[in-house]
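For reference, the structure is listed below as structure tokens.
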Amino acid sequence: MKHVPHVISWNLTKSCNLSCSHCYLPTNNPKNLSKKYSTFPEQRQYTKPSAPSDKKTDDNQELDTDTAIQVINDISAINPNIILILTGGEPLLRDDIFDLSKHASQKGMMVLLGTNACLIDDATAGRLKENGFSGIGISLDSLDPELHDEIRGVKGSWNKAVEGIDACKREGLEVQIQTTVFKKNYNEIPEIVAFASDKGVKVFNLFFLVCTGRGQDLTDITPEQYEKALQQIYKLHTQYEGKMLVSAKCAPHYRRVAYEMNPESALLKYYSGGCPAGTNYVRITPEGNVTPCPYMDTSCGNLREKSFREIWDTSKVLEELRNADLKGRCGECEFVSLCKGCRARALATTGDQMAEDSWCDYEPGKYGGKKITLKTENTFGLKRDFELSWSEDARKRLDKVPSFGRGMVIKRVEEYARENGVFRITPEIMKEAKEKMAVDKKMMFPFLSLLKKNDKSEKIEWTLEALERVKKAPDFVRPGIYKLMEIRSRERGCKLITSEFLSEIRDESMMFASNRIKKLGFDDLTIEAFDVAKLRMKNKKKKDIIDSIKVFLEKRTGKNDQIITKFQKYLSQKIDTTNKPETA
């Protein structure tokens, strides 16, 4: 089996404006930093990266800009659509952070920032968006400012973190909140999750401490608390389905807990199992060492000496992790294929990355000792060719999906299309598929929100003829027409909405509406179809719109024949099954 990297976490710098008690890196203490590395954004001085020096570099120094750019190029040669997490230390203390993010995003990577957010104001958030960042992961460890500040080592860091969250939201950046669980904040996890939801963030991740770096002397939560916390996270995941993805990180046991709480969970059905360290995920240190994960210091090779591909393909450390010949309870466990235990925690506590994870409270044998293998679809990194025709606009939307989920999205969208007698995928079909799979999308498609983003920065113009046509539409329909037309025009790179373009989108919409009418069980469009549709709608607002349409049509009996005739054209139309897939 050939392994492909799908996520890379890159510690760009050890410099940091905070002094977190649990940091896995021996980061520089704020007291030792130069004045430009200040805690708050109004004191932050941005400077252009200096040209590389001819002097011999110290192996302990951070990779310079040119070397970092080359590393990005090497990674993109293996997988240009990788998720690249730029973190630190505090990555915003790297003067070339925007140069690196822009270059990576131009290569096709999904670039995320891992930050304490203390340096993010509106201006910085704007620069993050302009330079290719797709999402911002912000650390928040308590709703009690004093406790958060105590954990982070700098007074006022909680207020700045929340201000950073708000600044990112104002600039339209997707935000994730990252919380590390300690005994001190163990009991307030539901409240922090609720806070994240109220802030409108897309993802909440609960990180489980691996005692390395500055955190190696900390007392972690007990295995019993670990188990209860995972059970709580699964309940919260269910509670916030469809609104926010709630997940656990550095806790491969989570899938075993999900199985015990709900064997039919989408988490089990669509996510590949086990600790990802070294299999589809690695970390790059500030000095350029590649390690299996941020909590594992074992170097698989240095990027000053070898290319990323060479390290990825030939490292014995990574090969051992991929073979997954586990020892102790982990090797005996029924859930080995779903979990594998945390390899970093095994290494930290025993010195052997293949040893058992002592922080797991599960004793093998509860389910008879037979290995549990689920009928899962290994959608993580699933490779899948196009079997149907995809429009150029649909392919562009697909490009926004991370590489590890793209094959799965292709499969699901094409399945939906076939079920509905459609053999060409358009952005509209992708949207319908996303809405149809509302149950699964919380786990399958946590990134599908990327498919509906549109650039609203450029104004769309209308011809007078097109505007006059829309003005003749009923009041309750008109706002939707304006919105739909501008969305379609941006999707297709059209800067002027004409009457002809209006007709084109109208015909497409009628085709989609006809497909839905057929699904309701009607071969002819009758007024009763609206009653059936109303019964199937759970959203009250949609029910009201259906009522408004029905009342409007009942008053237009003289003109309804024209509308019926147009719909009948599509209802009777046969799908061309000879339509061949476009070349990828």
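Keep in mind it's a predicted model, so treat the numbers as computed, not measured.
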Any chance you could lay out the side-chain hydrogen bond (donor to acceptor under 3.5 Å, both in side chains) test for Asn81 and His6, step after step, and finish with the verdict?
CA-CA 8 Å; Asn81 307 118; His6 293 290; over 6 Å; no

Residue list, side-chain contact (heavy atoms from CB on, under 4.5 Å) with Glu310, at least two apart or on another chain:
Lys306, Ser307, Thr314

Set of side-chain contact (heavy atoms from CB on, under 4.5 Å) partners for Cys333, sequence neighbours left out:
Phe335, Tyr362, Pro364

Could you walk me through whether Lys396 and Glu392 pass the salt bridge (Lys or Arg N to Asp or Glu O under 4.0 Å) test, one step at a time?
CA-CA 6 Å; Lys396 286 180 180 178; Glu392 183 179 351; 3.7 Å; yes

Run the side chain to side chain contact (heavy atoms under 4.5 Å, CB included) test on Arg469 and Ser503 for me, step by step, so that the C-alpha distance in whole Å, both residues' side-chain angles and the decisive distance to 0.1 Å come before the verdict.
CA-CA 10 Å; Arg469 283 185 60 182; Ser503 296; 2.9 Å; yes

Mind running salt bridge (Lys or Arg N to Asp or Glu O under 4.0 Å) on Lys431 and Glu428 for me, showing each step along the way?
CA-CA 5 Å; Lys431 182 180 178 182; Glu428 292 79 13; over 6 Å; no

Test item: side-chain donor near acceptor, [X] and [Y], under 3.5 Å:
X      : Y      : value
Lys243 : Ser197 : yes
His3   : Asp313 : no
Gln231 : Tyr254 : no

Glu415: which of Lys411, Arg418, Arg412 passes side-chain hydrogen bond (donor to acceptor under 3.5 Å, both in side chains):
Arg412

Test your reading of the model: is there a side-chain donor-acceptor pair from [X] to the backbone of [Y], 3.5 Å cut-off?
X      : Y      : result
Ser105 : Lys102 : yes
Glu461 : Leu496 : no
Arg322 : Gly278 : yes
Thr238 : Tyr234 : yes
Arg343 : Gln353 : yes
Ser101 : Phe133 : no

Closest non-hydrogen atom pair, [X] against [Y]:
X      : Y      : result
Trp312 : Val4   : CZ2-C, 3.6 Å
Lys169 : Lys199 : CE-O, 3.6 Å
Pro91  : Leu113 : CG-CD1, 3.5 Å
Lys107 : Asn73  : CE-OD1, 3.1 Å
Thr87  : Ser9   : CG2-OG, 3.7 Å
Glu174 : Lys202 : OE1-CG, 2.7 Å

Give the C-alpha distance, both sets of side-chain angles, the deciding distance and a yes or no for side chain to side chain contact (heavy atoms under 4.5 Å, CB included) between Tyr259 and Ser265.
CA-CA 7 Å; Tyr259 176 87; Ser265 171; over 6 Å; no

Validation row: [X], [Y] side chains within 4.5 angstrom (heavy atoms):
X      : Y      : value
Asn205 : Ile177 : no
Phe204 : Met244 : yes
Val282 : Leu318 : yes
Arg283 : Pro292 : no
Arg424 : Ser391 : yes
Ile497 : Glu486 : yes
Ile75  : Ile284 : yes
Lys235 : Met261 : yes

Look up atom [atom1] in [X] and atom [atom2] in [Y], then write down how far apart they are to the nearest 0.5 Å.
X      : Y      : atom1 : atom2 : value
Met109 : Ser76  : CE    : OG    : 5.0 Å
Leu338 : Glu334 : CG    : CD    : 11.0 Å
Asp99  : Asn131 : CG    : CG    : 7.5 Å
Cys275 : Leu326 : SG    : CG    : 9.5 Å
His237 : Asn262 : NE2   : CG    : 8.5 Å

Answer yes when Arg256 and Glu260 have at least one side-chain N-carboxylate O distance shorter than 4.0 Å, and no when they do not.
yes

Might you work through the side chain to side chain contact (heavy atoms under 4.5 Å, CB included) test for Leu206 and Lys249, ending with a clear yes or no?
CA-CA 6 Å; Leu206 186 66; Lys249 296 294 182 181; over 6 Å; no

Could you go through the side chain to side chain contact (heavy atoms under 4.5 Å, CB included) check for Leu86 and Leu112 one step at a time?
CA-CA 6 Å; Leu86 301 181; Leu112 307 179; over 6 Å; no

Asp325 atom CG, over 12 foreign heavy atoms within 6.0 Å
no

Parallel under 30°, tilted from 30 to 60°, perpendicular over 60°: which one fits the rings of Trp390 and Phe386?
perpendicular

